[in-house]
Each structure stands twice: as structure tokens, then as C-alpha cells.
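Structure record follows, encoded as C-alpha cells.
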Amino acid sequence: DAGVTQTPRHEVAEKGQTIILKCEPVSGHNDLFWYRQTKIQGLELLSYFRSKSLMEDGGAFKDRFKAEMLNSSFSTLKIQPTEPKDSAVYLCASSGDWGPNYAEQFFGPGTRLTVL
Amino acid sequence: GDSVTQTEGLVTLTEGLPVMLNCTYQTAYSTFLFWYVQHLNEAPKLLLKSSTDNKRTEHQGFHATLHKSSSSFHLQKSSAQLSDSALYYCAFMPNYNVLYFGSGTKLTVEP
């Protein structure tokens with residue numbers, strides 16, 4: 001089974017640019033999460049989708065961060081406009097809502113974003 | 001409000017010594033507790049999970065017991081190995097499938 005895939009693995013952007021990160025969850029998973037990971041803040045939840053419906057949008061990240069899930073197998077995270085403080089690793093995770101792996105989140109390899 | 005606390009940010013141990021990483025949580029809900037491990041340049045992976053009070057959960061030499069009376073889920077291992085060097089996150093799930101992560105503990109095991 002394919003795990004969670006994320007593209008690109010690395011992204012370098014100039015301040016003010018728009019960037020789009022992509023994620024494909026594990027097939028059959030209904031829940032999809034976007035996180036930001038930094039050394040100082042650790043893992044911060046940006047967005048949570050259940051069956052393509054946005055359940056949480058991460059409060060403080062609303063203004064420049066927008067996650068979408070147009071179908072059950074693909075999600076995007078748009079950052080517009082980017083700022084240097086957005087430099088971080090962005091992780092996508094998915095989970096199923098039944099079976100032995102219930103509630104276990106499977107993480108993708110992440111996208112390392114550097115904003116200059 | 002709901003929260004999870006990992007008191008140690010950095011832990012450095014000598015190979016062969018026991019490991020104990022602390023995790024406490026605060027929530028009004030019945031919940032799952034998790035430990036995730038993240039090795040350098042890799043994605044976080046589930047190490048342990050539990051929702052049963054006072055039951056020991058084990059995996060890959062690590063173990064933890066959920067104690068609801070003290071709201072704790074400490075991670076332990078009897079003998080640290082060099083390969084255990086990683087970032088460890090405690091997390092809990094008070095509702096839906098949303099995980100609340102602690103701030104993480106970086107474990108370094110030295111020869």
C-alpha cells in the first residue's frame with residue numbers, strides 16, 4: 001500500500017510569492033491533516049478534513065493559509081503571500097476511522113519550505 | 001483547556017541506561033494517548049497508543065502505561081540504544097480524530 005505522498009519535497013520561495021503544497025493520503029482514509037513543524041513550536045495543526053469537509057482550520061493560520069480537498073485522494077495547502085517566518089516543514093497526515101489502525105495518523109515525508 | 005505536556009525538551013543518555021520520557025495531559029474527555037517517534041529527516045511514526053487505564057502497551061522495546069488517575073503516559077525503555085536517538089512526541093485525542101501534540105523531547109543516546 002502506498003503511504004502518504006507529498007510534493008514537492010523542497011520549496012524555496014521569495015517573500016510575497018504564492019506557493020502550493022500537495023498531498024495524497026493513504027487510499028481509503030477519510031481524515032486528512034496538515035501540520036507545520038518547527039524546532040521552536042513543534043507540530044502545529046493547520047487544517048483537518050473529514051471526508052473532504054473542513055473540520056478545523058487552525059485558527060491563527062487562517063489569514064494566509066488555505067487548505068483544500070477537492071477529492072478524497074488529493075489535498076493542497078496554499079500559502080499566500082509567503083513570509084520568511086513561514087519557513088518550516090509542512091507535514092500531511094491521514095487516518096482511517098475504523099479497524100486496528102483506528103486513530104493512527106500516517107505522515108508523509110513533508111515539504112521543507114524556505115522563504116527568503 | 002485540553003493540553004499535553006512533555007517536561008523535557010532535551011534528554012541525553014549513555015547507551016544501555018534506561019529511558020523515561022514524561023508525558024502528562026489535561027482533558028475532560030476520555031481519550032487515546034499516543035507516542036510518535038521521528039528520526040532525523042524522516043516522518044513521524046506511531047510508536048505506541050493506548051486508551052485503556054492501567055494497561056501496559058509495548059512496541060519495539062518501548063512501553064508505556066496510561067494512568068488516568070494521574071493523567072500520565074510516560075514512555076520507558078529498559079536499555080537505550082544508539083538507534084533510539086530521535087524526536088519523541090506525546091499526543092492525545094480528546095475528540096474526533098484530531099491529535100494534540102506535546103512540544104516534543106529530543107532524545108540523544110551516546111556511546
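Between the side chains of B:Gln26 and B:Asp2, no donor-acceptor pair is found at a separation under 3.5 Å. Side chains of B:Ser103 and B:Gln6: a donor-acceptor N/O pair is absent below 3.5 angstrom, by distance only.
Interface remark: A:Leu43 contributes backbone and side-chain atoms alike to the contact with chain B (heavy atom separation under 4.5 Å). Contacts between A:Phe106 and chain B at a heavy-atom distance below 4.5 Å are absent for every atom of the residue. Contacts between A:Gln37 and chain B at a heavy-atom distance below 4.5 Å involve the side chain alone, from C-beta outward.
Between chain A and the options B:Pro44, B:Ala43, B:Ala91, heavy-atom pairs under 4.5 Å are most frequent for B:Pro44. Taking A:Arg112, A:Glu104, A:Gln105 one by one and counting their heavy-atom pairs under 4.5 Å with chain B, the maximum is reached by A:Gln105. When the candidates B:Lys106, B:Gln38, B:Lys45 are compared by the number of heavy-atom contacts under 4.5 Å with chain A, B:Gln38 comes out ahead.
Note: B:Phe73 and B:Trp35 have parallel aromatic rings, judged against thresholds of 30 and 60 degrees for the angle between ring planes.
A centroid separation of less than 6.0 Å is found between the aromatic rings of B:Tyr36 and B:Phe101.
With rounding to the nearest 0.5 angstrom, the CD atom of B:Glu110 is 9.0 Å from the CG atom of B:Leu13.
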